[in-house]
Visitor: 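Shown below is the structure under consideration.
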Amino acid sequence: MRSSLLARRAASVAAAAAIAATGAMAVAGAADASTVHAKRLPTHLSIGDRRLVEHHEHLTLIVGRLTSLHFPLRGKLVFLDRVAGHTLTVVGHERTGRGGGVAFVVGPTTTTNYQLVFPGTPNFHSSHSRVITVNG
């Protein structure tokens, strides 16, 4: 009987040690999980322009395409900014279409520089296009 009582105590001590060790591991694992940040995917924003004539009024269509790893991003908010020196002024904003495309119609009276800007989301990094010049 005596050996079985010792065996029981040894087993209970071993079980308590195992529970304590796994509890400490679970707490350490939870702390590590809270400090890990999700990796945001890179984005690319292209820009182009096309001249339009609408009832003798000269307009320009500014088009862009937002992609991530060569896949189009749909439904993302893209801003059209006017560039003057080092200052950006928001002219408009649109959501990207099915193929990641976005379009803005502008009719500047003077020569103006434009740039497309994607501010980013929790899953995608921000990006901006090159600056294009539209003659008025």
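What's counted below: heavy atoms across the whole structure, side chains too, no hydrogens, waters or symmetry copies. As the structure is a computational prediction, the values presented were derived from the model and not from experiment.
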Visitor: Apply side-chain contact (heavy atoms from CB on, under 4.5 Å) to Thr133 and Tyr114, showing your working.
Guide: CA-CA 6 Å; Thr133 302; Tyr114 291 102; over 6 Å; no
Visitor: Run the side-chain donor-acceptor check on residues 63-79: report pairs under 3.5 Å with partners two or more places apart or on a different chain.
Guide:
from: Arg65; atom 1: NE; to: Gly99; atom 2: O; distance (Å): 3.1
from: Ser68; atom 1: OG; to: Pro42; atom 2: O; distance (Å): 2.7

Visitor: Can you measure from CZ (Phe118) to OG (Ser127) and round to the nearest 0.5 angstrom?
Guide: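 The OG atom of Ser127 is 6.5 Å from CZ of Phe118, to the nearest 0.5 Å.
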Visitor: Between Leu61 and Ala103, what is the shortest heavy-atom contact and its length?
Guide: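 That would be CD1-CB, 3.9 Å.
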Visitor: Is atom CZ of Arg50 surrounded by more than 12 heavy atoms (other residues, nucleotides or ligands) closer than 6.0 Å?
Guide: no
Visitor: Working note: His58 + Arg51, criterion side-chain contact (heavy atoms from CB on, under 4.5 Å); need CA distance, chi angles, decisive distance, verdict.
Guide: CA-CA 7 Å; His58 294 281; Arg51 290 289 279 182; 3.7 Å; yes
Visitor: With side-chain contact (heavy atoms from CB on, under 4.5 Å) as the test, would you mind laying out the steps for Ile47 and Ile62 before giving the verdict?
Guide: CA-CA 7 Å; Ile47 191 170; Ile62 296 177; 3.9 Å; yes
Visitor: Determine which pairs satisfy side-chain hydrogen bond (donor to acceptor under 3.5 Å, both in side chains) with at least one residue from residues 82-100, sequence neighbours left out, and list them in order.
Guide: none
Visitor: Mind checking the NE2-NE2 spacing from His44 to His125? Nearest 0.5 Å is all I need.
Guide: 16.0 Å
Visitor: So Arg40 and Asn123, do their side chains get closer than 4.5 Å, heavy atoms only?
Guide: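 A side-chain contact is absent here, since even the closest heavy-atom pair is not under 4.5 Å.
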Visitor: Under a 4.5 Å side-chain heavy-atom rule over Ile, Leu, Val, Met, Phe, Trp and Tyr, are Val83 and Val134 clustered together?
Guide: no
Visitor: Decide whether Ile132 and Val102 are clustered together by the hydrophobic rule: side chain heavy atoms of Ile, Leu, Val, Met, Phe, Trp, Tyr closer than 4.5 Å, transitively.
Guide: yes
Visitor: Could you give the distance from CG (Leu45) to OG (Ser129), rounded to the nearest 0.5 Å?
Guide: 5.0 Å
Visitor: Any side-chain heavy atom of Asp49 sitting closer than 4.5 Å to one from Val106?
Guide: no
Visitor: Could you please spell out the steps behind the side-chain contact (heavy atoms from CB on, under 4.5 Å) verdict for Leu116 and His128?
Guide: CA-CA 6 Å; Leu116 294 176; His128 58 86; over 6 Å; no
Visitor: Hydrophobic clustering (ILVMFWY, side-chain heavy atoms < 4.5 Å, transitive) - are Val91 and Phe104 grouped together?
Guide: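 Per the 4.5 Å side-chain linkage, Phe104 and Val91 are co-clustered.
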Visitor: At what distance, to the nearest 0.5 angstrom, does CG of Leu59 lie from CG of Leu52?
Guide: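 Answer rounded to 0.5 Å: 6.0 Å.
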